[in-house]
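Down below is the structure, laid out as structure tokens.
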Amino acid sequence: MALQFEAFCAEGLVPGWSLLVQGHTDAGEDKFEINFLSEAGDIAFHIKPRFSSATMVGNNFQAGRWGQEEVSSVFPLTLGEPFEMEVSSDSQHFHVHAQEHKVMQFAHRHRPLAAVTRVQVLSDHRLAQVELARRGLSWG
């Protein structure tokens with residue numbers, strides 16, 4: 001997968017930041033993921049739509065090991081169609097919305113939250129827009 005977007009914030013991206021990704025899925029592809037990373041290189045939150053099983057998968061990667069996968073069957077994405085996904089965070093969870101439907105709430109497993117300083121979007125799909133914005137903590 002190609003790195004399509006990467007951003008760094010020394011003060012930390014969690015809580016209070018929101019990542020919006022808009023693009024177009026190609027037929028037959030599962031090649032899209034978003035990773036929020038810590039300063040140490042651990043993945044605090046990994047979210048990946050799996051079109052083949054119509055599920056959204058969330059996980060973390062810490063100390064060289066993947067955690068327990070969380071799987072959501074709320075899957076409003078369609079292959080070959082434009083899509084919009086948003087990942088936001090508060091002090092307790094990452095929140096994932098796709099096509100304006102809430103698809104996942106993932107409890108923070110990485111502490112301290114301020115150590116989550118980088119976000120990456122990897123995709124072989126065409127991305128039209130990626131936007132990272134600071135949000136009020138009451139939003140979400």
Side-chain angles (χ1 to χ4, degrees):
M1 266 183 283
L3 179 65
Q4 297 265 348
F5 175 85
E6 184 170 35
F8 175 82
C9 179
E11 300 86 46
L13 290 167
V14 178
W17 287 83
S18 174
L19 178 74
L20 177 69
V21 180
Q22 295 173 326
H24 194 278
T25 60
D26 300 318
E29 295 293 327
D30 270 3
K31 299 183 178 180
F32 173 76
E33 65 186 58
I34 298 169
N35 295 309
F36 285 82
L37 298 111
S38 73
E39 296 166 335
D42 291 332
I43 301 173
F45 182 51
H46 163 87
I47 184 76
K48 180 179 183 73
R50 289 187 181 157
F51 290 91
S52 56
S53 58
T55 56
M56 195 75 69
V57 178
N59 207 342
N60 75 314
F61 186 84
Q62 201 166 342
R65 301 180 59 177
W66 284 103
Q68 180 69 40
E69 270 190 356
E70 294 184 24
V71 180
S72 171
S73 58
V74 178
F75 195 80
L77 306 179
T78 305
L79 277 174
E81 296 291 325
F83 71 91
E84 179 175 294
M85 278 184 65
E86 185 167 17
V87 181
S88 60
S89 63
D90 59 28
S91 61
Q92 301 297 317
H93 299 93
F94 285 99
H95 302 275
V96 181
H97 291 79
Q99 310 300 84
E100 301 183 5
H101 296 273
K102 185 157 191 174
V103 296
M104 182 174 285
Q105 180 172 296
F106 186 89
H108 292 305
R109 299 177 183 174
H110 191 282
R111 304 284 183 193
L113 296 178
V116 180
T117 56
R118 197 161 35 116
V119 61
Q120 295 179 333
V121 179
L122 292 90
S123 178
D124 287 342
H125 301 300
R126 296 186 305 269
L127 299 182
Q129 178 180 349
V130 180
E131 176 185 315
L132 183 65
R134 185 105 171 108
R135 304 275 192 209
L137 292 181
S138 61
W139 180 86

I need the [X] [atom1] to [Y] [atom2] distance, nearest 0.5 Å.
X      : Y      : atom1 : atom2 : answer
Lys48  : Phe32  : NZ    : CZ    : 9.5 Å
Cys9   : Arg118 : SG    : CZ    : 13.0 Å
His97  : His95  : NE2   : NE2   : 8.0 Å
Thr117 : Glu11  : OG1   : CD    : 10.0 Å
Ser88  : His93  : OG    : NE2   : 11.5 Å

Indicate yes or no: at least one non-hydrogen side-chain atom of [X] is less than 4.5 angstrom from one of [Y].
X      : Y      : result
Trp66  : His46  : yes
His110 : Asn60  : no
Ile47  : Met85  : yes
Asn59  : Arg109 : yes
Phe45  : Val14  : no
Leu37  : Ile43  : yes
Val74  : Lys102 : no
Met56  : Leu77  : yes

Do [X] and [Y] share a hydrophobic cluster (ILVMFWY, side-chain heavy atoms under 4.5 Å, transitive)?
X      : Y      : value
Trp17  : Leu113 : yes
Met104 : Phe83  : yes
Val121 : Leu20  : no

Which atoms form the tightest heavy-atom contact between Ser89 and Leu13, and what is the distance? OG-O, 3.9 Å
Just by modelled atom types, is the Ala44 backbone N or O under 3.5 Å from a matching donor or acceptor in the Asp42 side chain? no
Gln99 side chain vs Pro76 backbone, donor-acceptor pair below 3.5 Å: no
Give a yes or no on this: more than 12 heavy atoms of other residues, nucleotides or ligands lie within 6.0 Å of atom CZ of Arg111. yes
Flag yes if more than 12 heavy atoms outside Gln129 fall under 6.0 Å of its CD atom; otherwise flag no. yes
Taking the six-membered ring for Trp, are Phe94 and His108 parallel (under 30°), tilted (30 to 60°) or perpendicular (over 60°)? perpendicular
Parallel, tilted or perpendicular: which fits the ring planes of Phe51 and Phe75, with parallel below 30° and perpendicular above 60°? perpendicular
Among Glu86, Glu131, Arg134, which residue meets the side chain to side chain donor-acceptor pair (under 3.5 Å) test with Ser18? Glu86
Before giving the answer on side chain to side chain contact (heavy atoms under 4.5 Å, CB included), spell out for Asn35 and Phe61 the whole-Å C-alpha distance, their side-chain angles and the decisive distance to 0.1 Å. CA-CA 10 Å; Asn35 295 309; Phe61 186 84; over 6 Å; no
